[in-house]
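What follows is one structure encoded as C-alpha cells, with my remarks underneath.
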Amino acid sequence: MTRIASVLRRIKTDAAAPVMALVFAVAASSVVLLVAGSNPIQAYSDMLKHASKLETMIDILNRATPLFIAGIAAAIGFRMNLFNIGVEGQYLLAALVAAHVGGLVHLPAPLHIALILLVAMSVGAAYSGVAGVLKVTKGVHEVISTIMLNAIATSGLIVAGLQAWQAGGGLGGNVTRVGTTPIDESGRLPNLNGFVEIFTRDIGRDRELTGVLVVAIAVGVAYHVIVGRSRFGFDLRASGANPFAAHVGGIPPKRMIVTAMVLSGAVAGLVGMTEIMDGGVFPANPIQGLGFAGIAVALLGRNSAIGALVAALIFAFLDISSGILQNTGSASREIVQIMQGLIILAAVVAYQVTERARAREEAKAAATALAAVAS
Amino acid sequence: MRKSKRFTAMALVAAFGLVAAACGDDKESDGTSAPTGPSVGLVFDIGGRGDQSFNDAAAAGIERAKAELGITFTEASPNDDGSNRKELLDLAAESSEVVIAVGFLFEADAAAVGVANPGVTFGVIDSAMLDFANGAVPYGDNIAGLVFSEQQGSFLVGAAAALKSTTGQIGFIGGVKGVGGLIERFEAGFIAGAHAVNPDIEIVSEYITEAPDFDGFNAPDRARDIATAMYEGGADVVYHAAGGSGAGLFEAAKAYRDAMNINVWAIGVDSDQYNTSDPAVRDVILTSMLKRVDVAVFEIIKAHIDGKVVGGPTVYDLSVDGVGYSTTGGFVDDIVDQLEAFKADIISGAIVVPTDPAEA
C-alpha cells in the first residue's frame, strides 16, 4: 500500500516539472506568436493536424531517431559529470569513415551492416577517447578538448576525407552531387514500412521509416539497463554524484572517466547512421548540429532513456512543424526554434522549482517524524 | 460483368474518398477563388530571401510569374541544419502544381519526391537532375534541372577585371570549395577571362570554407577579412562567388578605397548587385556576373503552363542570356565593346571556357 503511494508520489513529482515546463512554453510561445502577428490557435491547430497524419509521424520518428541517439550519447557523459560537447565531431567523423569503409567492401547483408555499425562506434569511441585520455593524463578539461576536437573534425579531418574519398566519375560539367562511394544495398538498413503497415494503412508519399530506429531502441534499452541496473552503472552514477566518495569507495576515477567518454563516443558514432544507412553515402552536405541538439535532448530528458525519448519526440515534432507553418502561412519558421528554446529554459527552471519543493517536503516530513519520536 | 466492374470502380472511388477524408487533408480546394494560373511552391535554400544574391534572384522570378502569369505561390526555407528539405518538397508537392527548389542541395530529395509525384512539375536550380547511377538519364519527365554556364559569365567579368586593373593583380573569393565543382566553375571562368586580356596578370584565389562547412555562403565578416588582405596585397579588382558573404567584400572595397584613396573595385554575382546591395557601397561595384535564376524560375513555370516541360537539364548560357554581366552604374561603359567581342566569341564557340580552375 505504502509502496503504491510512494510510486504515485514519485510520478507526481516526476511529472510535475515537465508539465509545468510545457504549459509555460506554450503560453510564452503564444505571446511570441501574437507579437509576431500570427494567430497562435491557428498555428497550433495546423501543427497538430499535420502531426496526426501517418506520413508526418514517420517524418517525426525519422528526425527523432538521431536526436535520441545523440541525447543518450550526451547523457552517458552527464551521468558522470562529464560534459561531452564533442558528440558533434564524433558523429560526423564516424559517419564519414563508416560510409567510406561501407562503400569499399562487399559483404552479405548482416555482416555488412554489422561492420558499418562497428566502424562507426569504434571511430566515435576513439575520437571521444582522446578527450578522456587528455583529461586523466594532462588534466585538460573535456569541454575545452572536445570543442577543439570538433573543430579539428569538421574543418580538418572531414574536409580532407571528403576530398580523398569522393566518389569518382561524372563530376565534371554541370554535375554537382558529391559524396563518398555509395554503400551496396546489403549495407543499408531496410526501412520499417512493412512493420508499421501491419497496424496501419499503407504509408503514402514515398515516406520510409528509418531502420536505424531499431538501433536507437537497442541503444535506449542498453543504456537504461546498464546505467540503472548494473554494477558499472552504479559506479558511473556514484562517480558522477561524488567522485571523491566514489574513489574512497574503491571506484578508480581515471578509468571511469575514460570509460564514460569512450562509451559516450561509441553511441555518438551511431548518430550519423540515419544519414549513411538510408541514403547510402556521406554527402558533402551532411546534417550537422545533431550533437548539440543531443545535449538539449539529454538536458530536457534529465539523462533518462524515457526522458530522452520524450524530449527527442518533442524536438522532432517541432522541427517537422516548421514546414507546415510556412506552407499554410500561419507562422514563420523561426517560431519553432523559439519554442524549442523556451521549452529547455522552462524545463530547467521547472526542475529547479520542483526539486526545491521536494527538498522542503522531505525536510518537513523529517521534522514531523522527529517531533513524533520526541513526544 | 460490366456492372460488377463498374461497381468495383465506384467502391474504389468511394473508399478512396473516405481515405482522403479520413486523412483530414487540409487545403480547401483552391478552385473557389478561381486563380488564373497554376499554384507554385518555391523552396529556398537555407537563409531564404534577403541574401541580395542567389535566393533573391529566384524570388524576383516568382514575383514576375505572379504578375505576368497570374500564378499563386507559397514559399518556404529549410531549418538551419537543412534536415527538413524533403518534407518541404513533399508539402509543396501536395499543394502545388509546380515545385521549384532553389539550389543543388535539393538534388537527391527532389529526385525522390519528383518520382513519387509524377503529376507535379519539379524545377531544381543548379542541378542537372540526371541519374548518373543509371546512365545519366533524367530522373523523370516532370523533373527539370535548371543549370547555368557560370564559367561563361565569369569569363566576361574576369576580362573586365583585367581590363580595369592597374596593378596587374586581381582576386577571387569563393564561398564554399568542394561541392562538385560548382563554385570552381566561377573561378575557372574568371581566371580564363583575365588571362585572355592579360596573360601575365596575377590572380589570387581564396575560398571562405570547404564542404561540409557551408558557412562560406553566409559569412560576410570572413569575406571582408579576406578581401581586405587581397586589397592590401596589391589586388585592385576582386570578384566574389559567395552568395550572402559578398556584402563583406563590398564593405572591404569601400573602406579600402576611402582610407587609401586608391580606386579599387569589387565585382558582384548572381543578381545585379549594384541594385540589390547597400546603397553606401554601390559605387565600388564595377559590374556583376548575372546568373539569371529569375529567368529560369519564370521559364519553368511558363513551360508548365504551355505543357512543354522537359526532364533533365536545361542549360542557361550566354547564347540565351542565361548568364551575363551588368552595366548598371556605368563603370564598364568604356570596355563594353571588348566584352561584347569576347561574348560573341564564346557564343560562336571560338572561345571554349574551362570549368576547372586547373585548366584555366
Side-chain angles (χ1 to χ4, degrees), chain A residues 46 49-50 52-56 59 62-63 66 92 96 154-155 158-160 162-163 166-167 169-179 182 201 204-208 279 281-290 292-293 316 319-329 332-333 336-337, chain B residues 19 22-27 41 43 48 74-84 86-95 104-105 107-108 112-113 115-117 126-128 130 132-133 136 145 147-150 176-182 185 209-214 313 315 355-356:
Chain A
D46 283 347
K49 203 157 75 182
H50 184 56
S52 64
K53 289 184 200 162
L54 179 61
E55 282 76 14
T56 314
D59 286 342
N62 286 343
R63 173 72 180 160
L92 286 166
L96 172 70
T154 50
S155 25
I158 292 170
V159 170
L162 263 176
Q163 281 170 8
Q166 202 160 98
L171 288 176
N174 282 321
V175 187
T176 48
R177 193 176 196 175
V178 280
R201 63 180 169 82
R205 304 181 199 129
D206 77 298
R207 296 301 207 285
E208 293 181 4
V281 297
F282 185 87
N285 60 320
I287 305 230
Q288 299 178 53
L290 289 168
F292 299 118
D319 281 336
I320 296 300
S321 294
S322 102
I324 193 69
L325 289 177
Q326 294 182 76
N327 189 261
T328 59
S332 72
R333 72 189 174 88
V336 162
Q337 282 163 301
Chain B
V19 170
C23 287
D25 252 335
D26 31 60
K27 291 276 155 208
V43 186
T74 58
E75 56 180 63
S77 308
N79 291 342
D80 288 344
D81 62 357
S83 57
N84 63 339
K86 183 154 183 294
E87 282 97 54
L88 293 181
L89 293 175
D90 276 316
L91 281 170
E94 280 167 33
S95 58
F104 60 92
L105 293 177
E107 178 174 308
V113 179
V115 168
N117 295 278
D126 275 352
S127 168
L130 292 174
F132 285 93
V147 293
F148 297 82
S149 299
E150 293 94 349
V176 181
K177 189 175 187 164
V179 280
L182 175 66
R185 285 210 294 277
T209 62
E210 292 189 39
D213 182 352
F214 280 74
V315 179
T355 56
D356 182 347

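Residue numbering restarts at 1 for every chain, and letters A, B, ... go by the order of the sequence lines.
- Side-chain atoms of B:Asp90 and A:Arg207, non-hydrogen and from C-beta on, do get closer than 4.5 Å to each other.
- Under the 3.5 Å distance criterion, the side-chain polar atoms of B:Asn117 are matched with a main-chain donor or acceptor of B:Val113.
- For B:Ser77, the parts sitting under 4.5 Å from any heavy atom of chain A are the backbone and the side chain alike.
- Under the salt bridge (Lys or Arg N to Asp or Glu O under 4.0 Å) criterion, B:Asp81 pairs with A:Arg63, not counting sequence neighbours.
- Contacts of B:Asp356 with chain A are absent, with no heavy-atom separation under 4.5 Å from either backbone or side chain.
- Heavy atoms only, all atoms of each residue included: A:Asn327 and B:Ser95 are closest at ND2-OG, 3.4 Å.
- Every residue two or more places apart in sequence or in another chain that forms a side chain to side chain donor-acceptor pair (under 3.5 Å) with A:Ser322 is listed here: B:Asn79, B:Asn84.
- Contact tally against chain B (heavy-atom pairs below 4.5 Å) for A:Ile287, A:Leu290, A:Val336: the top residue is A:Ile287.
- In this structure, chain B has a heavy atom under 4.5 Å from the backbone of A:Thr154, while its side chain stays farther away.
- Considering only heavy-atom pairs separated by less than 4.5 Å from chain B, the leading option among A:Gln337, A:Gln288, A:Arg333 is A:Arg333.
- The part of B:Leu88 that comes within reach of chain A is its side chain, from C-beta onward, which places non-hydrogen atoms under 4.5 angstrom from that chain.
- Each of A:Leu325, A:Leu54, A:Asn62, A:Asp319 has some count of heavy-atom pairs under 4.5 Å with chain B, and the biggest count is that of A:Asp319.
- For the set B:Asp213, B:Val43, B:Asp80, B:Thr209, the entry with the most heavy-atom pairs within less than 4.5 Å of chain A is B:Asp80.
- Under the 4.5 Å side-chain criterion, counting only non-hydrogen atoms from C-beta, A:Gln326 is not in contact with B:Thr74.
- Residue B:Pro313: no heavy atom, backbone or side chain, is found under 4.5 Å from chain A.
- Ion pair B:Arg185/B:Glu150 flagged as a salt bridge, since at least one NZ, NE, NH1 or NH2 atom sits closer than 4.0 Å to an Asp/Glu carboxylate oxygen.
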